[in-house]
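Written below as structure tokens is the structure these notes are about.
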Amino acid sequence: MMTPFDPDNTPTRQAPAGVPIIVDGGGPGGYAGGYQSPLLEGLNPQQREAVEYRGPALLIIAGAGSGKTSVLTRRIASLLETREAWPSQILAITFTNKAAAEMRDRVKAILGQGADGMWISTFHSSCVRILRREAENAGLSASFSIYDSADTKVTLKRIIKSLDADTLGFTPGNASAKISKLKNELADVDSYARNANMSDPQEVMFVEIFRQYTQRLRAANALDFDDLIGETVYLFRAFPAVAALYRRRFRHILVDEYQDTNHAQYSLVRELTRPVEPELADEMETTGVHVRNLRDATGGIPGASLTVVGDSDQSIYAFRGADTRNITEFERDFPGTKVILLEQNYRSTQNILSAANAVIGHNFDRKDKKLWSAGGDGEKIVGFTAYSGHDEAQFVADEIEVLHSAGMAYRDMAVFYRTNAQTRALEEILVRSAVPYRVVGGTKFYERAEIKDALAYLISVANPNDELALRRILNTPKRGIGPATETGLASFAEANQISFRQAMRDSAGLGLGPKVTGAILNLATLLDEAALKIDPTNPAGQANVSELLTFLLERSGLLTLLRNSRDPQDEARAENIEELVAQTKDFNKENPDSGLVDFLTQVSLVAAADDLDDASGTVSLMTLHTAKGLEYEAVFLTGVEEGLLPHQMSANEPGGPAEERRLFYVGITRARQRLYLSLAMTRAQFGDINVAMPSRYLQEIPVDLIDWKQSPGMANSRGGTQPRALNARRDGFGGGFAKRGAPEALPPAPKPKTEWSNRVSQVRDNGDLTLAAGDRIRHIDFGDGRVNQVTGDGTKRIAHVQFDTTGAKKLLIKIAPIEKL
DNA sequence: CCGCGCTTCGGCCCT
DNA sequence: CGAAGCGCGG
């Protein structure tokens with residue numbers, strides 16, 4: 001890996017010479033033996049076995065950082081290299097699209113040629129692919145829409161409103177959670193209704209909500225996220241001949257992050273790995289699907305070989321249905337399973353691993369597994385207790401700069417947090433300190449209103465039955481079509497058993513005003529014209545996605561309106577839409593054979609971790625959930641407080657605290673060389689200041705592994721607003737923090753609430769303040785200092801300042817709270 | 001009937 | 001701090 005920063009110069013991370021590819025977790029190297037495939041070079045015995053074992057089922061229990069991606073990749077390469085499998089016979093399921101792309105690249109790099117025909121993708125992408133191909137059998141049109149959670153909530157909101165279900169306590173949030181949970185268990189309305197207690201009015205109402213929701217999605221030719229998996233399973237169960245096609249095709253199925261699969265995903269894997277009955281094999285042969293060389297003695301096709309990789313200790317998605325029983329009961333489910341344990345860690349220092357082992361050891365009901373490294377102890381973990389979230393952010397920014405000046409690239413550092421709300425304080429300080437950073441996930445590009453609007457135009461063209469998309473654009477941009485007209489159209493459609501789109505075309509007969517009617521007809525015509533542009537029978541040829549989007553934007557006036565607006569926010573919105581247009585152009589270039597529906601699918605299935613850009617050269621900020629599967633030289637794990645980690649919400653749920661501990665464990669094990677654990681004694685939330693206690697998990701880490709720059713016991717003995725990041729004592733262990741004072745013992749908040757909130761949200765602007773080397777300045781937190789150097793230009797000018805008492809800092813001149821003396 | 005600006009309230013955990 | 005809910009003017 002690209003790791004210039006390596007204080008201990010540990011040799012384990014160097015790839016053995018002669019290996020054509022660079023793979024992390026390369027192992028101890030130095031294999032002394034006769035010839036062997038380069039595929040096995042640098043692997044330890046367990047890893048080697050995991051690559052070479054052949055059998056019906058293989059379970060690889062892979063601890064964090066044990067080189068499992070490398071093993072999976074080489075296993076695929078090995079199957080292809082030995083001609084045991086064609087690329088098209090391999091189905092590899094990863095957790096994110098990014099992981100899929102990476103795996104594909106690595107296999108290509110090993111084989112030195114394209115591995116076309118392989119399916120390497122996420123559960124959801126694979127299922128969409130299958131469902132679009134088999135749409136007819138699934139009772140869908142191939143251009144079905146995919147509803148995200150926001151779409152689901154809007155739909156449920158309308159249903160709840162029409163049923164007055166809010167009086168029974170239903171909200172879009174709780175209803176969607178319940179429906180999702182049921183779908184993850186492969187329950188549908190009918191199966192649920194059969195077992196429901198129909199004397200409970202709330203149950204009756206829920207069944208009605210669920211039923212209407214299902215109907216609306218059907219009518220809109222749409223599937224929600226959970227349906228993608230469930231419908232594929234139903235499809236295979238209802239149409240054995242269809243299932244047989246895929247069972248015949250995929251001879252080797254590999255699933256990563258198996259501990260995070262839910263019941264529906266488990267069932268899908270089960271369906272895909274079932275054998276094909278002899279009769280069905282006969283049938284396939286007669287229809288020209290060759291199965292002869294796949295048949296066994298019985299005349300059927302044996303089930304595909306299944307490889308799963310997982311680690312129960314990293315299961316962090318129980319809240320959305322992941323079931324670790326899938327992994328703990330794997331051997332029972334798939335008889336003849338071979339189990340391989342990967343415990344040697346090639347990522348982190350022993351100190352980091354010891355902390356991780358100690359923490360996860362507090363979870364009972366787990367198979368004992370101890371990660372170990374041959375790479376030496378490394379640095380101690382650094383602990384820091386800040387007075388406030390603001391203060392904590394300052395510590396992070398300062399330490400990032402220290403690491404950076406020591407030669408570590410920004411992109412090798414990451415800051416983790418439990419909740420997205422914590423980004424605000426971090427971002428504020430990082431911007432002020434001129435640290436380049438990037439928030440991974442968070443408010444996603446495709447969730448922005450203007451992007452959803454533009455996409456709704458495209459969806460309306462691709463899937464004319466999608467009422468949700470149509471209603472979204474009906475009055476966007478403003479056409480004078482209000483909610484009353486909208487409901488009028490909807491009930492007209494309902495009453496006449498026609499689609500919403502058709503109701504728009506027929507709106508002349510509704511007796512609406514001429515202006516409104518004209519507006520509706522205009523939009524209907526625009527969409528019809530757009531649909532013609534991508535009609536395969538159009539003699540004029542077909543428009544690509546970017547041409548279509550440009551046409552829709554121009555004719556609807558959406559983009560022009562934003563551009564001409566005086567609201568500065570609209571400028572940013574226009575830029576976002578232009579970015580979307582640019583994305584469609586890239587898409588056309590990269591996928592010349594793909595069309596509108598493919599583009600929309602890709603957009604629907606991006607996950608938070610997918611927009612990670614390794615080449616960006618910035619510090620990455622993300623939630624602990626997003627961090628899974630990633631690794632960094634230095635990791636800052638912030639907000640290690642009771643109520644945050646473990647999170648308040650987890651306390652009531654069974655297994656909650658244990659899952660939170662795994663989340664903490666996942667965070668710790670992302671770090672290669674340096675780990676920082678920080679917490680804040682007080683944290684601003686919802687405009688209030690809350691007092692926090694150190695997380696219980698901190699006490700689970702042996703004290704000699706942590707070097708407390710400021711221990712929890714020390715922080716509460718001080719008050720005031722002086723920065724403590726740099727004048728902190730270095731007296732070793734955080735002695736006595738387990739017995740530290742109760743919250744009441746804390747000093748009062750330093751400032752009144754209002755003033756505090758203002759300071760956080762206030763965007764300071766120093767205008768054209770100019771600074772030059774030699775100037776003396778005063779900083780609101782750091783005191784007086786001398787400017788050494790000014791770099792950058794325009795609004796990005798950065799002052800390098802040596803403060804008299806708080807050391808060297810970089811400050812963004814435009815917004816730093818400074819004044820010239 | 002629609003659009004806009006105002007006030008108010010409740011809301012943030014993770015996908 | 002942002003969405004929902006209102007009351008008014010067009």
Side-chain angles (χ1 to χ4, degrees), chain A residues 95-97 122-124 147-150 152-154 157 161 166 171-173 176-177 180-181 183-184 224-226 228-229 257 260-262 265 314-322 416-424 440-444 446-447 449 474-489 510-517 519-520 567 569 604-610 622-629 639 641 643-653 656-657 659-660 662-664 666-667 683-688 690 753-754 757-758 760-762:
Chain A
F95 201 65
T96 63
N97 296 299
T122 63
F123 270 108
H124 291 94
Y147 278 10
D148 65 16
S149 60
T152 294
K153 290 212 172 84
V154 171
K157 192 175 172 184
K161 196 167 180 189
D166 53 336
T171 64
S176 77
S180 172
K181 209 173 166 188
K183 287 185 175 180
N184 286 334
D224 68 22
F225 240 65
D226 303 312
L228 297 177
I229 315 291
E257 307 282 9
D260 286 321
T261 52
N262 59 35
Q265 291 163 332
Q314 293 186 63
S315 164
I316 55 175
Y317 285 106
F319 70 92
R320 57 169 204 204
F416 300 159
Y417 35 82
R418 176 66 227 264
T419 72
N420 277 314
Q422 290 166 253
T423 52
R424 195 166 291 178
V440 181
T443 37
K444 278 172 264 160
Y446 297 108
E447 283 170 12
L474 189 64
N475 200 31
T476 313
K478 301 260 179 286
R479 302 186 171 88
I481 307 171
T485 312
E486 186 184 324
T487 24
L489 277 170
L510 254 83
L512 296 161
K515 236 172 122 180
V516 179
T517 311
I520 295 171
D567 185 343
Q569 295 223 320
S604 303
L605 297 180
V606 292
D610 290 334
M622 69 189 83
T623 66
L624 283 165
H625 282 90
T626 306
K628 196 183 66 168
E641 298 144 31
L644 215 47
L645 192 70
H647 195 273
Q648 200 67 54
M649 298 280 173
S650 70
N652 310 323
E653 290 164 34
E659 174 144 325
E660 296 285 308
R662 291 192 293 268
L663 197 51
F664 186 49
V666 165
R683 200 170 280 280
Q685 238 181 346
F686 309 140
D688 271 336
N690 297 327
K753 172 181 160 180
T754 45
S757 341
N758 280 347
V760 171
S761 59
Q762 179 187 335

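Throughout, protein chains are lettered first and strands after them, A, B, ... in sequence-line order, and every chain is numbered starting at 1. Worth saying up front: this structure is predicted, and the values here are computed from it rather than measured.
An aromatic stack links A:F319 and the base of B:dC14, using centre distance under 5.5 Å and interplanar angle under 30°.
Taking atom CG on A:L645 and atom P on B:dC14, their separation rounds to 13 Å, with Å as the unit. Here the P atom of nucleotide B:dC12 and the OH atom of A:Y417 are 17 Å apart, to the nearest Å. Taking atom CZ of A:F225 as the reference point, atom P of B:dC14 lies 16 Å away to the nearest angstrom. Atom C1' of nucleotide B:dT15 and atom NE2 of A:H124 are separated by 9 Å, given to the nearest angstrom. For the pair A:Y317 OH and B:dC14 P, the interatomic distance rounds to 11 Å; values are reported in whole Å. Rounded to whole Å, the distance from CD1 on A:I481 to P on B:dG3 is 8 Å. Between A:K181 atom NZ and B:dC14 atom P there is a gap of 19 Å when expressed in whole angstrom units. B:dT15 atom C1' lies 10 Å from atom NZ of A:K153, rounded to whole Å.
Closest approach of A:L228 to A:H124, counting heavy atoms only: CD1-CD2, 4.0 Å.
Toward the 5′ end of DNA chain B lies the nearest nucleotide of A:V516, the other residue of the pair A:H625 and A:V516 mapping further downstream.
Here A:L644 lies out of heavy-atom contact (under 4.0 Å) with every strand. Here A:S149 lies out of heavy-atom contact (under 4.0 Å) with every strand.
For A:T623, the listed nucleotide lying nearest its side chain is B:dC14; candidates were B:dC14, B:dC2, C:dC1. Comparing atom distances between the A:N420 side chain and each of B:dT15, B:dC14, B:dC4 picks out B:dC14 as nearest. Residue A:K478 has its side chain nearest to B:dG3 when only B:dT15, B:dG3, C:dC1 are considered. Nearest nucleotide to the side chain of A:K157, out of C:dA4, B:dC1, B:dC12: C:dA4.
For A:N475, no side-chain nitrogen or oxygen approaches OP1 or OP2 of B:dC2 to under 4.0 Å. Not one side-chain nitrogen or oxygen of A:K515 sits closer than 4.0 Å to the OP1 or OP2 atom of B:dC2. For B:dC14, the OP1/OP2 oxygens have no side-chain nitrogen or oxygen of A:T419 closer than 4.0 Å.
Side-chain contact between A:R320 and A:S180 is absent, with no heavy-atom pair separated by less than 4.5 Å. Residues A:T423 and A:Y417 form a side-chain contact, since some pair of their non-hydrogen atoms from C-beta on lies under 4.5 Å apart.
Annotation: A:H625 is not in aromatic contact with A:F416 [ring centroid separation under 6.0 Å not met].
Side-chain N/O atoms of A:T623 and A:T626 include a donor and acceptor closer than 3.5 Å.
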